[in-house]
Amino acid sequence: MNALRSGGLLTQRELLRWIRQPATPLLNLVFSVMQLLIFGVLFGGSIVVPGGDDYIGYLVPGLLTLTVLFGLSSTQTAMTADATRGITDRLRAMPMNSSGIVLGRGGADLLMSAIEFALLLAVGLLLGWRASASPAAILLGLLLLLWLRFALLWVGVFFALTLKGPAQVAIGMVMWPVGFVSTVFVSPERLPAGLAAVAEWNPLSATATAVRQLFGNPTGVSGGILAEWALPLALLWPLALTAVLLPLSAHAYRNLSR
Amino acid sequence: MVEGMTDVLDAVGLTKRYRGVPALDGLDLTLPAGSIHGLLGPNGAGKSTAVRVLATLLRPDAGRATIAGHDLLTDARGVRSAIGLVGQTAAVDEVLSGRQNLVLFARLGGVSRGDATRRATELLGRFDLEDAADRSVSTYSGGMRRKLDIAVTLLRRPALLFLDEPTTGLDPRARAEVWSAVRRIAHDGTAVLLTTQYLDEADHLADRITVLGAGRVLASDAPDTLKRRLGPDRIVVTLPAGSLDTAEAALEGFDGTSVDAERSTATVDASGGPRTLLAVLAALERSGVTPEDVLLRRPTLDEVFLALTDKELR
């Protein structure tokens, strides 16, 4: 069975799981909306974006990027659960292309991200977020987010294949500084110099800033690499991540039989 | 077995080491089509490693094997198309229903949607799972999960089915159901390689038993031959308190008599089968001891290993 067909079937499996047990995807969505409410409504009034722009316009593209990062842990958790239950072994012992396993996972994960985007944008609209851009530019912004999600798929697969128990939990913790030391919530121009440099080079910042530019939302950067290069960086960072982690994941998968 | 029938599995010298320590140390194994082969051994004997190597999940460090005409090392895909694997955990999706699992795995195996649905219904019936067919697997009992797990492997009618400790953790009824399923699978022409820690399981099911210890074959024989080598069944008599000494004296003349004061039991080799049992009861009756319980049991795995390793040392 070729990888695309088996991948499609495994994505369907995930959809069936969502239908039979809606609590899991719903909690995921509630978590995303909760973040938007906490940071948009609760903290929003106290956070100032350079230029005095409204915070919700700055926040929505940032949170879209953050859900992409947190999506990594759904990839990792689901892959680990299948390995623990012996489902991965069952699939490995079947005459199907092994890429189908990751394709199926990726199909479901990208779909979940797309649903999260739609929901966050809808709640964002209610809270006063507006895009001042063409539909094509908005679509391009969403595609950039999915492109980062695709890259993080390989990060999740790699961790699921190589890390055990406590180390996997540690990844869940590491995601917080990675997510927060970026331009997701705050402008790098208001960070201490050292942190600002880290935030500027954080792949999440490139995507968040590029999406802000495409949506016509405040970017919070008036100069520096992000102001100039956000869009190319938002294309290159995920490409680089994929170029490194796809072969590493493939290697780790082959190592299962060692 | 039909004369001249080719073996569905032919393995020679399979070896697998973990950090230099052999988990499998030169395993030779042959299975004719439709036969049931029991791989017997305690934890760590190499049973699961053997299954994982043969099911293409682990690459052997040495040795070779052919499964249904496909070379294990050069044609893993061919091997995979000919085998089914039931591992130690029920490898099915807990959230999906039994039917959804069957259809999913059938389609992943290349079966068309219509055929997958038909085959799923057929197998649900055969394994007596119709009533639970559309419930989440998470509501299934251990036995039902195991049956579903086995049903999934039969979707593609494999030539060789691996069952890794299929009844571990099951209650006696579920165990009996799995046994009858295994017999029927073999009857339908699929060869079965089953691993077990229970001598009676191997004895009930297998045409041939291979005993593994520390990754090596300690013995490989038909169950009856093997049992003769392992010595007779044991008669275990539970005695009323205080009658242990009397009983020991009464049973002195029998083979292998021993008493266990802690459990208040006397054990005698059933060298003459049921006749020995009658003689034991008569001897006890003559000395005025009425047993509280009597049972005839197979040698335990411990006793098997003692017997086999003794022979190795000799």
What part of [X] lies closer than 4.5 angstrom to a heavy atom of chain A: side chain, backbone, both or neither?
| X | value |
| --- | --- |
| B/Arg135 | backbone |
| B/Phe162 | neither |
| B/Val53 | neither |

Measure [X] against the heavy atoms of chain B and call it side chain, backbone, both or neither at under 4.5 Å.
| X | answer |
| --- | --- |
| A/Leu16 | both |
| A/Leu91 | side chain |
| A/Thr84 | backbone |

Could you check whether any side-chain heavy atom of A/Thr75 comes within less than 4.5 Å of a side-chain heavy atom of A/Met112, counting everything from C-beta outward?
no
Is the shortest heavy-atom distance from the side chain of B/Arg208 to the side chain of B/Ser35 under 4.5 Å?
no
Option in [options] with maximal non-hydrogen atom pairs under 4.5 Å from chain A:
| options | value |
| --- | --- |
| B/Asp93, B/Leu104, B/Val79 | B/Asp93 |
| B/Thr56, B/Leu85, B/Asn101 | B/Leu85 |
| B/Ile83, B/Val86, B/Val92 | B/Val92 |
| B/Gly84, B/Ala82, B/Ser81, B/Gly87 | B/Ser81 |

Note: [X]-[Y] ion pair, threshold 4.0 Å (strictly below):
| X | Y | answer |
| --- | --- | --- |
| B/Asp164 | B/Arg52 | no |
| B/Glu177 | B/Arg146 | no |
| B/Asp188 | B/Arg126 | yes |

Regarding B/Arg175 and the six-membered ring of B/Tyr198, is the cationic atom NZ or CZ under 6.0 Å from the ring centre and inside 45° of its axis?
yes
Name the member of A/Gly8, A/Ala93, A/Ala81 that forms the most heavy-atom pairs with chain B at distances under 4.5 Å.
A/Ala93
With no hydrogens and no angle check, do the side chains of B/Thr30 and B/Asp7 hold a donor and an acceptor under 3.5 Å apart?
no
Specify whether A/Phe150 and A/Trp147 have parallel, tilted or perpendicular ring planes, treating 30° as the upper limit for parallel and 60° as the lower limit for perpendicular.
parallel
